[in-house]
Amino acid sequence: MTLPPRPDIVFMSSRDWDSLPLQTHYLAEGYARLGCRVFFINQTLQKWPRLSHLLWRLNPKSSSGRVSSYSRQYEVPGVVPVTLWTGPPIPAMRVFNRLVIRRSLRDYDIRNAVFVTWVPTYTALDIIDIVQPTAIGYVNHHNFDADDVLPDLLVAERVLIDRADHLFADSLFLQARVTRLSGNRVVHRSMPGVYWKRFRSAFRGDELQRLRTIYYFGDIGTHLNLAAYNYLAESYEVVLVGIVNPAARKLISQKIRICSPVSVMDLPNTLRDADILATLYLDSPYMRGVIPAKFFECLATGKPVLVSGLAEAESYRDLVNIVGEIPESIAQAVRNLPYKESESRRSARDAEARLADWDARCRHFQAILTPGLKLAPAEDLTSAP
């Protein structure tokens, strides 16, 4: 059987391959399993770099944001991480940046490429000009209008939207944003997902009988409702799993236990001790465009979920417990959980999490971006480049 040539896939991510995973990592793995070569472009600048960024780029292993087990578990045949030493994505730097991109990519022999970026900068546009992809995709995963980025990014984003063949957004808010910016073109959803079976293993079955421990996992910063977590810590064991932003450290109660981040493969084991998962954010223009991967990971655990400050969760109100930002009312919501939770509600959470399994998310994305690409027979995948 002669198979048609598979395209090279070039993903431009907002994080490095060996950092904590984003949607880009799972989609890259999905294409590698189809037998494609995937060139994963590590994080590039979106603004003028700070000294800490330069030191991290020079010695990435020194970053406290890394999880050492992640890269070992995610060595995927066919995925090639690429680091570009470009400057800030401003017009004055484009000549230099193009030179860096050409020199960095010339040894990879990228052919018949499909290019997808989560980073809408001039650097992305320059990569497109150099790689000359057969198809271009843009995934909007941040509300850049409310983000700390160079103004030039917003200009480049509009050019990218005009040039892209396929437009995606992860949240409903961002879908509406890109629809508006594109002049009402079709904007597909490319939502975060979950390894359903793995996270399902975190469910014990006696959570509602215990209701003693409340967990949060992810970045620990001032975007969280830290006052609520502090208040809950007076009556419950509160555990925050992740990296603490320096600005947030002094705002966290001494009664809260901080745990270091773990890889996505180990996280379900950590969450098994939780009785309740609480993703308590503060409402902000930036957070209104966010639907975090942890939302579906929380659903998959089967545990009761408290959510605040996350507008995207409103459409899942029947599955999770939407609470306000007042600490006392959140504590009352915890006490009310035995009356609100039921087996049918947990089953509905589980069904939604199954729909969000990464295999399903990858198939949906691939069907839009590369509709003619079919899964090769297993024996052919073993010889994929």
Side-chain angles (χ1 to χ4, degrees), residues 1-18 22-44 71 74-86 89 94-139 156 159-168 188 190 361-385:
M1 175 182 177
T2 301
L3 296 172
R6 304 181 187 93
D8 287 339
I9 308 295
V10 181
F11 278 176
M12 187 172 179
S13 179
S14 60
R15 277 193 183 157
D16 284 2
W17 173 253
D18 62 350
L22 290 175
Q23 182 187 108
T24 44
H25 297 75
Y26 302 111
L27 295 178
E29 182 178 356
Y31 269 108
R33 287 177 176 171
L34 288 177
C36 295
R37 293 192 306 169
V38 181
F39 297 92
F40 189 98
I41 298 176
N42 288 327
Q43 179 181 1
T44 55
S71 58
Y74 272 80
E75 289 177 355
V76 179
V79 176
V80 181
V82 178
T83 298
L84 302 177
W85 284 84
T86 55
R94 292 190 74 177
V95 172
F96 169 79
N97 287 341
R98 284 172 180 156
L99 179 63
V100 170
I101 294 166
R102 286 186 188 280
R103 289 187 174 181
S104 300
L105 297 183
R106 64 187 177 187
D107 294 332
Y108 291 107
D109 190 28
I110 299 173
R111 301 180 182 181
N112 189 30
V114 173
F115 176 79
V116 185
T117 184
W118 282 253
V119 185
T121 59
Y122 283 120
T123 304
L125 294 173
D126 291 336
I127 293 172
I128 290 171
D129 290 339
I130 291 167
V131 172
Q132 291 291 302
T134 59
I136 300 168
Y138 169 49
V139 184
V159 177
L160 176 65
I161 287 173
D162 287 341
R163 294 188 64 179
D165 301 292
H166 306 284
L167 297 171
F168 301 88
H188 304 279
S190 182
R361 295 292 200 225
C362 287
R363 286 195 298 270
H364 171 77
F365 189 84
Q366 291 161 357
I368 297 168
L369 184 69
T370 51
L373 187 62
K374 303 298 182 182
L375 181 62
E379 61 269 25
D380 291 316
L381 291 179
T382 60
S383 59

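This one's a predicted model, so the numbers in the text were calculated from it and none came from an experiment.
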Which value, rounded to the nearest 0.5 Å, describes the distance between Thr44 atom OG1 and Asp16 atom CG?
10.0 Å
Under 3.5 Å, side chain of Asn42 to main-chain N/O of Trp17, donor-acceptor pair present?
yes
Measuring only between side-chain heavy atoms, which start at C-beta, is Phe39 closer than 4.5 Å to Ile110?
yes
Closest heavy-atom pair, Ala32 versus Pro77, reported as atoms and distance to 0.1 Å, is CB-O, 3.5 Å
Got a second to check how far Arg106's CZ is from Ile130's CD1, nearest 0.5 Å?
12.0 Å
Assess the residue pair Leu27 and Trp118 against the criterion (side chain to side chain contact (heavy atoms under 4.5 Å, CB included)); give the C-alpha distance rounded to whole Å, side-chain angles, the decisive distance to 0.1 Å, and a yes or no.
CA-CA 12 Å; Leu27 295 178; Trp118 282 253; 3.8 Å; yes
Distance check, rounded to the nearest 0.5 Å: Thr123 atom OG1 versus Asn97 atom CG?
4.5 Å
Ignoring hydrogens, what is the shortest heavy-atom contact between Pro81 and Tyr108? Give both atom names and the distance.
O-OH, 4.2 Å
Using a 3.5 Å distance criterion without hydrogens, assess whether the side chain of Asp165 forms a donor-acceptor pair with backbone atoms of Ile136.
yes
Distance check, rounded to the nearest 0.5 Å: Arg98 atom CZ versus Asp126 atom CG?
4.5 Å
List the residues meeting ring pair (Phe, Tyr, Trp, His ring centres under 6.0 Å) with Phe168, not counting sequence neighbours, and say none if there are none.
His188, Phe365
Closest contact, heavy atoms only, Pro120 versus Ala156
O-CB, 3.6 Å
Is any side-chain heavy atom of Ile128 closer than 4.5 Å to one of Leu160?
yes
Option from Ile127, Val82, Thr24 for which side chain to side chain contact (heavy atoms under 4.5 Å, CB included) with Met12 holds:
Ile127
Using side-chain heavy atoms (C-beta onward) and a distance below 4.5 Å, is Val116 in contact with Tyr31?
no
Tell me if the aromatic rings of His25 and Phe11 count as close, with their centers under 6.0 Å from one another.
no
Are there more than 12 heavy atoms of other residues, nucleotides or ligands under 6.0 Å from atom CZ of Arg103?
no
When you compare the side chain of Leu373 with that of Pro7, does any pair of heavy atoms fall below 4.5 Å?
yes
Report yes or no: does Arg6 contribute a side-chain atom to a donor-acceptor pair with the main-chain N or O of Leu34 at less than 3.5 Å?
yes
I'd like to know whether Cys36 forms a side chain to side chain contact (heavy atoms under 4.5 Å, CB included) with Thr370, so could you lay out the CA-CA distance, the side-chain angles of the two residues, the decisive distance to 0.1 Å, and finally the verdict.
CA-CA 11 Å; Cys36 295; Thr370 51; over 6 Å; no
For Tyr122 and Pro89 the tightest heavy-atom approach is CD1-O, 3.4 Å
Would you confirm whether Asp8, through its side chain, and Arg111, through its main-chain N or O, come within 3.5 Å as a donor-acceptor pair?
yes
Looking at side-chain heavy atoms only, is the closest gap between Val80 and Arg37 below 4.5 Å?
no
Atom pair CD1 (Ile9) and CZ (Phe40), whose distance is rounded to the nearest 0.5 Å:
13.5 Å
Beyond-backbone contact of Leu22 with Ser14, side-chain heavy atoms, under 4.5 angstrom
yes
Has the side chain of Ser13 got a donor or acceptor atom that lies under 3.5 Å from a matching backbone atom of Gln43?
no
